[in-house]
Amino acid sequence: MSAKFGPAGNADAFARTHRSSLDAPAWLAALGLDCYEYQCGKGVHIGEDAARRLGERARQSGVTLSLHAPYFINLANPDPEALARTTGYLLQACRAARWMGADRVVVHSGALMKRTRRQALDVAKTSLLAVIRACDDAGYGDLTLCPETMGKINQLGDMDEVLELCGLDRRLIPCVDFGHLYARSLGRDDGPEAFARVLDKLAATLGEDRAGRFHSHFSRIEFTPNGGEKCHRTFADHGGFGPDPAPLMDLVARRGWSPTFICESAGTQAEDALTMKQLYQNALER
Ligand SMILES: [Zn+2]
């Protein structure tokens with residue numbers, strides 16, 4: 001097993017020359033990439049026919065699919081009606097993932113809503129357990145839900161919070177967004193020592209096997225000193241926007257881990273995913 005690399009959604013270079021996401025897997029495979037995260041951030045709008053065709057094309061191209069659940073999902077919302085809606089959205093996301101043969105569904109942890117982090121996290125844990133039960137009842141128990149680390153300081157989802165969520169069920173895998181960790185730490189979570197601490201923490205909490213298969217988002221990010229994440233940048237934007245992918249690729253290669261890296265650069269996510277893959281392969285050969 002080796003690490004996989006691909007983009008979140010469609011890069012500008014693809015969108016300029018293609019009209020349908022159905023063409024994305026072949027385009028990505030021709031570039032040398034391995035995976036593709038289908039974006040349902042604004043809601044699950046893909047129909048069964050399109051999803052099944054996308055899945056077929058992906059399998060033909062040897063491209064692994066994951067799916068990003070809607071951004072408006074807030075597991076930390078204490079309102080029971082909100083939990084019913086959240087569960088519905090996640091079941092829709094799982095149904096689309098099933099149609100396309102995606103095995104991972106990424107979900108945001110939630111918002112603090114002026115509560116303490118502990119209060120918000122306890123609600124998110126209760127909600128996530130209810131969502132897992134609903135997914136099991138609907139026959140989606142084999143899909144992997146991936147709670148994501150978030151980039152804004154007033155969002156739930158720092159590394160420890162995501163790991164506590166993942167402690168609820170052995171099937172959960174964290175989506176470690178290194179751009180988000182960098183933004184919420186105001187630039188501190190960058191470089192080999194910081195990345196090694198993250199990987200060590202994953203291994204200590206989840207065990208080496210589960211940790212080694214972690215899901216990941218990566219992009220250079222701009223942040224503000226009060227809020228954290230401002231916007232995603234590209235690898236060409238060197239002007240002080242981290243984190244630097246090279247030390248992370250080095251560490252992952254040296255540990256023999258096989259995470260899935262989804263690049264979320266603004267517009268150049270496919271090209272930058274390929275840069276990450278090349279860094280990783282160079283590290284493997286060292
Ligand atoms: Zn996300």
Side-chain angles (χ1 to χ4, degrees), residues 4-11 21 35-46 64-77 86 89-90 92-94 96-97 100 102-112 120-121 124 127-128 131 143-166 172-185 189 198 202 214-223 227-234 241-243 245 248 259-270 272-273 276:
K4 291 192 174 83
F5 297 86
N10 294 329
S21 293
C35 55
Y36 178 52
E37 190 151 288
Y38 189 83
Q39 300 295 295
C40 292
K42 293 177 181 151
V44 183
H45 302 304
I46 189 167
T64 305
L65 297 176
S66 52
L67 184 142
H68 200 309
Y71 301 142
F72 46 74
I73 288 175
N74 175 8
L75 290 171
N77 191 326
T86 288
Y89 296 137
L90 272 162
Q92 281 179 17
C94 286
M100 63 179 73
D103 55 355
R104 291 181 170 186
V105 174
V106 176
V107 58
H108 289 179
S109 304
L112 293 184
L121 182 58
S127 302
L128 185 54
V131 163
L143 299 180
T144 302
L145 296 177
C146 303
E148 179 179 349
T149 60
M150 302 307 298
K152 292 194 171 75
I153 292 163
N154 67 4
Q155 284 168 314
L156 191 66
D158 64 21
M159 191 72 250
D160 291 327
E161 289 159 354
V162 164
L163 284 172
E164 191 168 332
L165 287 172
C166 288
L172 298 165
I173 293 272
C175 175
V176 184
D177 188 316
F178 286 90
H180 285 166
L181 293 180
Y182 170 86
R184 72 179 307 132
S185 70
D189 285 353
V198 170
L202 289 174
F214 75 92
H215 199 76
S216 183
H217 289 167
F218 196 100
S219 63
R220 289 186 184 273
I221 269 204
E222 182 173 350
F223 63 84
E229 175 182 7
K230 183 177 172 205
C231 60
H232 289 222
R233 291 288 189 153
T234 73
F241 306 114
L248 179 61
T260 295
F261 283 106
I262 299 296
C263 183
E264 290 194 327
S265 290
T268 56
Q269 58 269 51
D272 292 351
M276 291 172 71

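Whatever order the structure lists them in is the order used to number ligands and atoms, beginning at 1.
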- Over-ring placement of Arg220 relative to Phe241, 6.0 Å and 45° cut-offs: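 Ring-cation test returns no.
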
- Query: Looking at Glu148, which of its N, O or S atoms is the nearest one to the Zn ion (ligand 1)?
  - Reply: OE1

- Message: I want to know whether Phe218 and Phe261 have ring centres closer than 6.0 Å.
- Response: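 No, too far apart.
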
- Message: Below 2.8 Å, can you find an N, O or S atom of His180 next to the Zn ion (ligand 1)?
- Response: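 For His180, the answer is no, given that no N, O or S atom comes within less than 2.8 Å of the Zn ion (ligand 1).
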
- Item | Backbone or side-chain N/O/S of His68 under 2.8 Å of the Zn ion (ligand 1) |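 Looking at His68, which is the residue asked about, there is an N, O or S atom under 2.8 Å from the Zn ion (ligand 1).
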
- Sequence neighbours excluded, which residues qualify as side chain to side chain contact (heavy atoms under 4.5 Å, CB included) partners of Phe223?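 Result, side chain to side chain contact (heavy atoms under 4.5 Å, CB included) vs Phe223: Tyr182, Ala183, Leu186.
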
- By side chain to side chain donor-acceptor pair (under 3.5 Å), Glu37 pairs with (sequence neighbours left out) Ser66, His215, His217

